[in-house]
Amino acid sequence: MPELPEVETVARQLDPLAGRQLIRGVEILDPLLGFSEEERLRGRRISRVRRIGKEVVFQLEDPKGKAAELLLAVHLRMTGRLIYQGETDGSDRGDKYLRAVLELEQGKVRFHDMRRFGTMKLYESEAEAQPAGAEPLDRGFNAASIGELIRGSSMEIKVWLLRQDRICGIGNIYASEILHDCGIDPFRPASSLNDAELGLLAASTKKILRKAIKHCGTTFSDFQNANGEVGGYQKYLRVYQHSGEGCRHCGTEILRAVQAQRSTFWCPACQR
DNA sequence: CTTTCAGCCTGGGCGC
DNA sequence: TGCGCCCAGGCTGAAA
């Protein structure tokens, strides 16, 4: 489920629920997680929950206020969910996709992940948690900065948008949606975009991601937020999974193709 | 450096 | 019912 808007949604909903709570214990149910630092988490208080790149990060205070801050980062990959469960809710028995549980004072956070691609790890500092790629919702993200990141890349622009080491947070749904919004052909070499197009691309990136956050992300089958509810952005998708339908702008048939082993959806008339 | 591609894992959906 | 494909909001690492 996880692109930037979905991860942001989970973090925003988890923060008031789990924030300020003490971690009583951590249970790892799936050895494939490869996480064995439960003891370092026990007794720490969650100061806040937020998104960094595509990760949900629990910032943890030191119990005595002396040692350095610690950050627990969960990457949901394709099917991960973090769901807050209040004290009175049901048990975990019978949930075969439950991978880990954070036991808190008042309830628990369940890490549920059918395909088991998700990861859980610790960062020792704020700096270490920072992703390599630029944060697209930062004020400084604009035509000039995206142009600088792109410079010289002959990759197709849609494939380039998925590079987390350049821009973090955009995934396969929003890459197609962003390019449709700004009218840029997904097959164009990234370096072929002129300044005006870079400006449109930067603006559409912010616009689409912000709108998706406003609607709590996109749900097809897997995504659920921290309360086990679904997102609402799917009704605003213009091209993703709409191949064969008419473009909302011009009526031309939306096409699907494969780039870098991922589906791309676009309008061949609107996007040049 | 690039680009491609198999692989990680567990399904759902389709055609036969 | 079953089998064999293809598909899926991500990302890595090996190979060419």
Side-chain angles (χ1 to χ4, degrees), chain A residues 1-11 29-35 51-56 73-82 94-100 111-121 131-133 136 149-180 186-192 205 208-209 211-213 215-226 229-244 255-265:
Chain A
M1 74 102 206
E3 295 184 44
L4 185 153
E6 291 76 32
V7 180
E8 180 75 30
T9 297
V10 171
L29 294 107
D30 182 359
L32 199 64
L33 264 183
F35 188 91
R51 174 187 66 83
I52 300 181
K54 278 187 187 171
E55 293 185 313
V56 177
V74 177
H75 198 309
L76 301 169
R77 295 291 178 99
M78 297 289 267
T79 55
R81 302 173 194 173
L82 287 172
D95 186 347
K96 64 194 272 203
Y97 304 118
L98 188 62
R99 304 186 72 196
F111 179 22
H112 183 280
D113 182 16
M114 184 179 74
R115 289 177 71 181
R116 305 166 77 196
F117 288 167
T119 61
M120 213 170 103
K121 62 183 170 185
L149 291 166
I150 278 177
R151 198 166 50 160
S153 175
S154 58
M155 289 179 95
E156 293 166 329
I157 185 62
K158 190 269 187 168
V159 179
W160 188 88
L161 285 174
L162 298 177
R163 286 187 61 166
Q164 304 300 303
D165 62 332
R166 301 294 169 169
I167 301 184
C168 58
I170 299 173
N172 207 39
I173 294 179
Y174 298 110
S176 282
E177 293 298 319
I178 288 164
L179 289 171
H180 180 256
F187 300 92
R188 293 262 308 273
S191 57
S192 76
T205 297
I208 296 292
L209 294 178
K211 187 173 172 191
I213 290 170
H215 294 280
C216 298
T218 301
T219 298
F220 289 120
S221 56
D222 293 315
F223 174 59
Q224 293 183 353
N225 65 29
E229 298 161 344
V230 299
Y233 192 76
Q234 56 275 15
K235 63 177 171 238
Y236 299 98
L237 296 176
R238 292 293 180 253
V239 288
Y240 187 81
Q241 289 199 354
H242 285 284
S243 46
L255 302 181
R256 172 187 176 272
V258 174
Q259 292 179 279
Q261 302 165 270
R262 322 279 314 267
S263 291
T264 297
F265 299 86

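So you know, we letter chains A, B, ... as the sequences are listed, proteins then strands, and number each from 1.
Nucleotide dC9(B) forms a pair with no other nucleotide shown, judged by Watson-Crick or G-U wobble geometry with both contacts under 3.5 Å. Nucleotide dG9(C): unpaired (no Watson-Crick or G-U wobble partner with both distances less than 3.5 Å).
Contact annotation: Thr79(A) does not reach the phosphate of dT10(B) (side-chain N/O to OP1 or OP2, under 4.0 Å). For His75(A), no side-chain nitrogen or oxygen approaches OP1 or OP2 of dG10(C) to under 4.0 Å. Taking only side-chain nitrogens and oxygens, Tyr240(A) comes nearer than 4.0 Å to OP1 or OP2 of dG9(C). For the pair Gln164(A) and dG10(C), the criterion of a side-chain N or O lying under 4.0 Å from OP1 or OP2 is not met. The side chain of Lys54(A) places an N or O atom within less than 4.0 Å of a non-bridging phosphate oxygen (OP1 or OP2) of dC11(C). Considering only side-chain N and O atoms, Ser153(A) lies nowhere under 4.0 angstrom from the phosphate OP1 or OP2 of dT2(B). Neither OP1 nor OP2 of dG9(C) sits under 4.0 Å from any side-chain N or O of Arg115(A).
Between Lys54(A) and Glu3(A), the shortest heavy-atom distance links the atoms CE-CA, 4.3 Å. Listed here is the closest heavy atom pair of Asn172(A) and Ser263(A): ND2-O, 3.1 Å. When all heavy atoms of Gly133(A) and Cys168(A) are compared, the closest pair comes out as O-SG, 3.7 Å. Nearest approach of Leu76(A) to Arg81(A), heavy atoms of both residues: CD2-N, 3.8 Å.
To the nearest angstrom, P of dG10(C) lies 22 Å from CE of Met120(A). Taking atom CE of residue Met155(A) and atom C1' of nucleotide dT3(B), one finds them 8 Å apart after rounding to whole Å. In this structure, the CD atom of Gln261(A) is 11 Å from the P atom of dG7(B), given to the nearest Å. Per the geometry, CG belonging to Asp113(A) stands 13 Å off P belonging to dC11(C), to the nearest Å. Taking atom CZ of Arg262(A) as the reference point, atom C1' of dC6(C) lies 15 Å away to the nearest angstrom. Atom CD1 in Ile150(A) sits about 14 Å away from atom P in dT2(B), given to the nearest Å. The distance between atom CE of Met78(A) and atom P of dC11(C), rounded to the nearest whole Å, is 10 Å. The nearest whole Å value for the distance from the CE atom in Met114(A) to the C1' atom in dG12(B) is 8 Å.
When distances are taken from the side chain of Arg77(A) to each of dG10(C), dC9(B), dT3(B), the shortest belongs to dG10(C). Comparing dG9(C), dC9(B), dA8(C) against the side chain of Glu6(A) picks out dG9(C) as the nearest.
Tyr233(A) and Tyr240(A) have their aromatic ring centers separated by at least 6.0 angstrom.
Across dT1(C) and dT10(B), the matching P atoms stand 24 Å from one another, rounded to whole Å. When the P atom is compared between dC3(C) and dC9(B), the two are found 22 Å apart, to the nearest whole Å.
Glycosidic torsion of dG4(C) falls outside 90° of 0, placing the base in anti.
Ranked by how close their nearest DNA chain C nucleotide is to the 5' end, Phe117(A) and Arg256(A) are led by Arg256(A).
A donor-acceptor contact closer than 3.5 angstrom is absent between the side chains of Arg115(A) and Thr79(A).
Leu162(A) comes within 4.0 angstrom of nothing in the nucleic acid, heavy atoms only.
With hydrogens and angles ignored, no donor-acceptor pair under 3.5 angstrom links the side chain of Arg116(A) to the base of dC9(B).
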